[in-house]
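Everything below concerns the one structure shown next.
All heavy atoms count here, side chains included; hydrogens, waters and symmetry mates do not. Counting convention: from 1, in listed order, for ligands and their atoms alike.
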Amino acid sequence: MNILFLAAEAEPFIKVGGLADVAGSLPPAIQQVASNDHIDIRVVIPFHGALQRQSLPMHFVTQVQVKHYPQYVEAEIYQLEHTGVPTYLIGGTLLSPNAPVYTSDSSLDGIKYTYFSMAALELCKELNWKPDLVHANDWHTAPALYALKVFKEPFFSQTGKLITIHNLPYLGHGAADALGEFGLPPAVNSQLPVWAQQLPLPVGLYAADKIVAVSPTYAKEILTADFGAGLDGYLATRQEDLCGILNGIDYSLWNPKTDQIIKYPYDQDHLTNKINNKTKILQDFNLSIEPDTILIGMITRMDYQKGVDLAIQALQSIHDQPWQAIILGTGNPVLEQTAFQLHLQFPQRVRSVLRFDPGLSRQIYAAADLLLIPSRYEPCGLTQMIAMKYGTIPLGRATGGLKDTIIDNQDPSTWCGFLFDKPTPEDLAQTLLRAIEAYRNSNLWQKMQLNAMNQDFSWKRSAAKYFHLYQEIYDRYHDQAE
Ligand code: ADP
């Protein structure tokens, strides 16, 4: 079975958010699950400027022509060396070396990612490698699925189409013209609402044989007006093809026992080392060392989705309680400013670090007692899973993957986190008070830490579910042909 796996970012090469974690670890996990069956899974990502500036070991593979009406544009394709899963980079005229992975100019991103999607299909033809399935992720690579459906090229007559939704509201607004420029017409005969007929994610969903949302709860939520981004009605017509598969994390990368960055490695049996990491980070940040005060961490994109504003207001409202906080995040300047205000307001107990810093993120996972994830919506979320592995108790909003992974049942044999319902500072503050109360009971807290560390969010189960889906789609196309 040949699988073409397309994504905008992939670890360990380029990362902005959780999509990179998934694109980096799901393909090898599927390869492992399928070890007895033949599977040839290949990952393709754009040759982003940030990658061009590194000297990654790679070799030139080929050049392809992409129809960009009324002409053709070239794309150059490279293959990275020493990757377990073959990984290609697509670069060329329309992939500016100066462009970040995502820009705020959606029309520019529209052209870049449609070009990338189309070039990835050309690559298959150039290599004479027929994919049995194209697995697209989010709006950036959705045009590839739509192109397969529209152009019906004989080369791809047995190619199935799967899309994973990591974040539904990012539909690819502003990319309508780009689709047209690459010859992709509006999906007029679909059940899609008119406004969605020429946007990348909706047309990709329309083209897809199967649709995966990244958690079972998110798969249900997107059928409602609150979470459906205007597509809930359409998705309801596709319920038979829609399912939720929880993302996993790669424990070879996220493990406090083997983590090279943290000063004091630890596991369930050496939790005192976690306290040493806490002391160290408090020293590093020049915060007072108060073992009885809960240290709250936050590691997040600064986006309204993530409820950063709720967190700041809730912390302000419980300023009379004992807590310290370290916030790491970058993104929306208004939210960055709000987080920095908290730092200025409570210089004796808050630090806000406004950058993308994977090393510091690991130190926070290892040092914090509690990780705050007050997302307004959270398709899956990886930070709560990483936190649990590091014995850091997650406090999240009861939505999407947070609801599917955080057990808040007050049963000491399984209790491992805190959930709140309403996306309000008040509800969050109440739940923070619950966490502070639980933290005062060190036996209970330690039990919760062990419960959290014993959870298994490895890719194995989810990769098996994806592989099963791959087989289902494969059978559909191959039965049809017989
Ligand atoms: P999303 O993909 O919506 O941003 P996830 O929880 O799925 O959220 O994944 C976020 C990933 O990005 C995690 O691996 C987290 O550790 C990492 N991350 C987020 N913000 C930062 C930051 N400022 N510095 C380093 N890593 C970050």
Side-chain angles (χ1 to χ4, degrees), residues 7-26 50 100-102 137-140 164-170 213-215 217-218 227 244-256 259 261-262 281 297-308 311 325-333 335-336 339-340 343 351-368 371-390 392 394-397 399-406 417 457 459 462:
E9 43 175 313
E11 278 266 64
F13 313 109
I14 185 118
K15 170 167 169 174
V16 176
L19 174 58
D21 296 78
V22 175
S25 43
L26 175 58
V101 176
Y102 308 114
N137 291 277
D138 277 349
W139 77 262
H140 324 100
T164 297
I165 305 173
H166 299 261
N167 203 331
L168 182 65
Y170 292 85
V214 287
S215 68
T217 294
Y218 195 54
F227 295 88
I245 302 180
L246 200 65
N247 287 334
I249 55 172
D250 182 344
Y251 286 127
S252 70
L253 302 174
W254 295 108
N255 182 345
D259 195 316
I261 301 287
I262 63 178
I281 209 168
M298 216 173 156
I299 300 165
T300 184
R301 281 188 292 118
M302 290 273 170
D303 190 293
Y304 279 97
Q305 175 201 340
K306 298 289 183 180
V308 184
I326 299 178
I327 301 171
L328 172 64
T330 178
N332 182 320
L335 293 172
E336 286 190 357
F340 201 65
H343 174 136
R351 292 291 176 271
S352 296
V353 183
L354 306 176
R355 60 173 188 258
F356 192 83
D357 187 337
L360 180 56
S361 80
R362 288 174 180 277
Q363 291 166 32
I364 299 175
Y365 284 123
L371 193 82
L372 206 52
I373 318 149
S375 307
R376 290 190 163 82
Y377 73 96
E378 192 57 78
C380 177
L382 298 174
T383 59
Q384 79 280 16
M385 302 188 203
I386 302 170
M388 285 192 251
K389 182 68 184 170
Y390 282 66
T392 303
L395 188 165
R397 166 132 193 273
T399 178
L402 297 172
K403 191 171 169 187
D404 291 336
T405 52
I406 299 176
F457 299 115
W459 266 111
S462 299

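Close approach of ligand 1 to Asp21 is summarised as follows: ligand atoms under 4.0 Å from at least one heavy atom of the residue are 11 (C), 14 (O). Using a 4.0 Å cut-off to heavy atoms of Pro358, the atoms of ligand 1 that qualify are 25 (C). Each of the atoms 23 (N) of ligand 1 lies under 4.0 Å from some heavy atom of Gly329.
Rounded to the nearest 0.5 angstrom, Leu354 CG and Asp357 CG are separated by 11.5 Å. Taking CG of Leu372 as the reference point, atom CD1 of Ile326 lies at 13.5 Å (rounded to 0.5 Å).
A heavy-atom separation below 4.0 Å is found between Gly381 and ligand 1. The shortest heavy-atom distance from Gln384 to ligand 1 is not under 4.0 Å. For the pair Lys306 and ligand 1, a heavy-atom separation below 4.0 Å is found.
Aromatic rings of His140 and Tyr170 (six-membered ring for Trp) have centroids beyond the 6.0 Å cut-off, not under it.
For atom 27 (C) of ligand 1, the nearest non-hydrogen atom from the set Tyr377, Tyr365, Phe356, Trp254 belongs to Phe356.
Asn167 and Tyr377 are linked by a side-chain donor-acceptor pair at a separation below 3.5 angstrom, with hydrogens and angles left out of the test.
The nearest heavy-atom contact from the protein to atom 5 (P) of ligand 1 is Leu382 N, 3.6 Å. The protein atom (non-hydrogen) at minimum distance from atom 4 (O) of ligand 1 is Arg301 NE, 2.7 Å. What sits closest to atom 12 (O) of ligand 1 on the protein, heavy atoms only, is Lys15 CE, 3.6 Å. Nearest non-hydrogen protein atom to atom 10 (C) of ligand 1 is Gly18 N, 3.8 Å. Annotation: atom 23 (N) of ligand 1 to nearest protein heavy atom, Arg355 O, 2.9 Å.
Tested against Gln363 for a side-chain contact (heavy atoms from CB on, under 4.5 Å), the candidates Leu328, Ile281, Asp259 yield a single pass: Ile281.
Heavy atoms of Asp357 found under 4.0 angstrom from ligand 1 belong exclusively to the backbone. Under 4.0 angstrom from ligand 1, the non-hydrogen atoms of Thr300 all belong to its backbone.
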**Study point:** CA sep, side-chain torsions, deciding dist, call: Arg376, Gln305, side chain to side chain contact (heavy atoms under 4.5 Å, CB included)
**Key:** CA-CA 5 Å; Arg376 290 190 163 82; Gln305 175 201 340; 5.6 Å; no

Practice item. Test side chain to side chain contact (heavy atoms under 4.5 Å, CB included) on Tyr218 and Leu168 and set out the steps. Key: CA-CA 10 Å; Tyr218 195 54; Leu168 182 65; 3.3 Å; yes

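Geometrically, Lys389 engages Tyr251 in a cation-pi contact defined by less than 6.0 Å to the ring centre and at most 45° from the axis.
Using a cutoff of 4.0 Å between basic side-chain nitrogens and carboxylate oxygens, Lys403 and Glu378 are not scored as salt-bridged.
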